[in-house]
J.: 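Take this structure, written in structure tokens, and hold onto it; I'll ask about it next.
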There are 2 protein chains.
Amino acid sequence: MAENVLYDELMRQLSADGSVRRELGRIVPGGCSDGSASVLAVLGRHGAMRIGRLTELLGVDPSVTSRHVAHLTMLGWIDRNPDPADRRSRILRLTSDGHTQLAELSDHRSRELAARLTDWSNEEIRRLAQLLSRLRADFDAQRTEPRTFADASEDARHPRAPAA
Amino acid sequence: MAENVLYDELMRQLSADGSVRRELGRIVPGGCSDGSASVLAVLGRHGAMRIGRLTELLGVDPSVTSRHVAHLTMLGWIDRNPDPADRRSRILRLTSDGHTQLAELSDHRSRELAARLTDWSNEEIRRLAQLLSRLRADFDAQRTEPRTFADASEDARHPRAPAA
DNA sequence: TATTGTTATACTCTATAACTATA
DNA sequence: TATAGTTATAGAGTATAACAATA
């Protein structure tokens with residue numbers, strides 16, 4: 001497999017990415033943990049939803065979502081109202097305070113990011129965001145539709161993206 | 001700041017990247033935790049070094065490096081020999097077993113990555129790796145040379161990368 | 001006194017398993 | 001019986017602070 005070195009290099013960058021991730025974690029302003037920030041962001045972007053949907057979008061175990069949601073509820077940043085259609089569920093919604101916190105968080109992170117990407121062109125920023133988005137989509141597809149061994153060998157024999 | 005939305009979008013992708021990161025963590029074969037894998041990779045790429053240097057390259061606290069190194073030493077994948085130049089330090093080096101493990105790890109991860117990026121062109125893979133590398137470099141620079149408030153306001157007034 | 005590492009402790013994120021309430 | 005969500009518990013990664021050994 002000639003392009004193995006390519007995957008290897010990407011893998012290295014994705015792993016070494018830990019330093020970026022940790023730095024991003026440190027950027028979160030006090031009072032808002034990283035996990036909570038993710039929940040706020042998803043609710044802000046997609047609007048009110050049930051825990052199950054939130055769990056899907058975050059790509060974590062339901063127990064994880066449940067904990068973060070409980071935390072944010074205690075902070076008063078989201079509320080949980082009964083779902084009239086199914087009394088096992090509740091609808092999650094950003095409160096007014098939640099919206100404020102999310103806006104502050106977003107501004108703060110954008111500023112910090114801007115401070116680190118001073119010599120990036122808009123096109124480069126856009127390109128990286130786009131590639132990451134696609135990467136995540138491909139990983140998510142893999143996660144929700146586990147492949148069979150047959151699939152894998154089939155793809156190995158007829159790769160959709162032959163060496164360029 | 002007109003391009004704020006760009007930073008915001010990249011920030012969203014970087015955060016949502018959690019699902020990719022967790023999946024990568026799950027890809028690591030048994031017996032090798034994610035942190036250990038990073039240490040192996042750095043030693044394999046840069047050769048023998050002291051803990052201090054390893055800590056720098058990983059971008060973590062020295063206590064973290066120390067723990068991972070202790071773990072890998074117990075597994076027999078690296079060894080720690082006294083540094084003749086400074087008896088406070090020891091030189092870390094991959095053992096023969098360590099090299100084997102690293103090779104297996106690398107192959108395994110490349111295969112898993114390949115299975116998820118079947119419709120990516122080599123050029124796209126290369127591009128993402130390159131942008132991530134640059135992102136990390138810029139974050140690292142920021143971390144080791146903390147900015148003053150004066151720097152920050154100066155940059156805000158005279159950004160090095162004006163809107164394209 | 002300063003530097004290199006190590007250890008003790010605590011906090012966050014995450015997953016698994018057992019459980020409750022409702023469908 | 002199956003599903004939505006919660007809670008208890010455990011494991012990994014990380015940081016801070018206190019400490020030991022050497023420079």
J.: Give a yes or no on whether A:Leu54 and A:Leu75 share a hydrophobic cluster (residues Ile, Leu, Val, Met, Phe, Trp, Tyr; joining criterion: side-chain heavy atoms under 4.5 Å apart).
T.: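 Yes, A:Leu54 and A:Leu75 fall within the same hydrophobic cluster.
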J.: Can you list every salt bridge (Lys or Arg N to Asp or Glu O under 4.0 Å) pair that touches residues 61-79 of chain B, not counting sequence neighbours?
T.: none
J.: Remember a base hit wins even if backbone is also touched, and classify B:Arg80 as base, sugar-phosphate or nothing at under 4.0 Å, heavy atoms.
T.: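 Contact class for B:Arg80: sugar-phosphate only.
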J.: Rounded to whole angstrom units, what separation is found between the CG atom of B:Asp34 and the P atom of C:dA15?
T.: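 Spelled out: CG on B:Asp34 to P on C:dA15 is 13 Å.
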J.: Using the test side-chain contact (heavy atoms from CB on, under 4.5 Å), find all partners of A:Ala103 that sit at least two apart in sequence or belong to another chain.
T.: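 Partners of A:Ala103 under the side-chain contact (heavy atoms from CB on, under 4.5 Å) test: none.
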J.: Quick test of your reading: applying salt bridge (Lys or Arg N to Asp or Glu O under 4.0 Å), list the pairs with at least one residue in residues 41-53 of chain A, sequence neighbours left out, ordered by first then second residue.
T.: A:Arg50-A:Asp83, A:Arg50-A:Asp86, A:Arg53-A:Glu56
J.: 5' to 3' on DNA chain D, which nucleotides open and close the contacts with chain A (atom under 4.0 Å from a heavy atom)?
T.: D:dT3 to D:dA15
J.: Taking any heavy-atom pair under 4.0 Å as a contact, classify A:Arg22: base, sugar-phosphate, or nothing.
T.: sugar-phosphate
J.: Over how many whole Å does the gap from B:Asp83 atom CG to C:dG5 atom C1' extend?
T.: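 From B:Asp83 CG to C:dG5 C1': 13 Å.
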J.: Tell me, please, which residues at least two apart from B:Arg80 pass salt bridge (charged side-chain N to carboxylate O under 4.0 Å, His left out).
T.: none
J.: Can you measure A:His68 atom NE2 to C:dC11 atom C1' for me and round it to whole angstrom units?
T.: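 My rounded result for the distance is 12 Å.
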J.: Just grab all the salt bridge (Lys or Arg N to Asp or Glu O under 4.0 Å) pairs involving residues 98-109 of chain B, residues at least two apart or on different chains.
T.: B:Asp34-B:Arg109
J.: What is the distance, rounded to the nearest whole Å, between atom CZ of B:Arg50 and atom C1' of C:dG5?
T.: 10 Å
J.: Test of understanding: with side-chain contact (heavy atoms from CB on, under 4.5 Å), list the residues that count as partners of B:His108, not counting sequence neighbours.
T.: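 So B:His108 forms a side-chain contact (heavy atoms from CB on, under 4.5 Å) with B:Ile27, B:Pro29, B:Arg111, B:Glu112.
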J.: Quick one: side-chain contact (heavy atoms from CB on, under 4.5 Å) partners of A:Thr55, sequence neighbours excluded?
T.: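 In terms of side-chain contact (heavy atoms from CB on, under 4.5 Å), with neighbours along the sequence ignored, A:Thr55 is linked to A:Ile51, A:Pro62, A:Thr65.
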J.: Please produce a list of atom pairs where a protein N or O lies less than 3.5 Å from an N or O of nucleotides 16-21 of chain C.
T.:
| residue | atom | partner | partner atom | Å |
| --- | --- | --- | --- | --- |
| C:dT16 | O4 | A:Ser63 | OG | 2.9 |

J.: Output the rounded distance in Å from CZ (B:Arg67) to P (C:dT9).
T.: 14 Å
J.: If I take atom CG in residue B:Leu54 and atom C1' in nucleotide C:dT4, what distance separates them, rounded to the nearest angstrom?
T.: 14 Å
J.: A:Leu58 has an atom CG; how far is it from atom P of C:dC13, in whole Å?
T.: 12 Å
J.: Once you round it to whole Å, what is the distance between C1' of C:dT6 and CG of B:Leu92?
T.: 13 Å
J.: How about A:Leu135 and A:Leu14: do any of their side-chain heavy atoms sit closer than 4.5 Å?
T.: yes
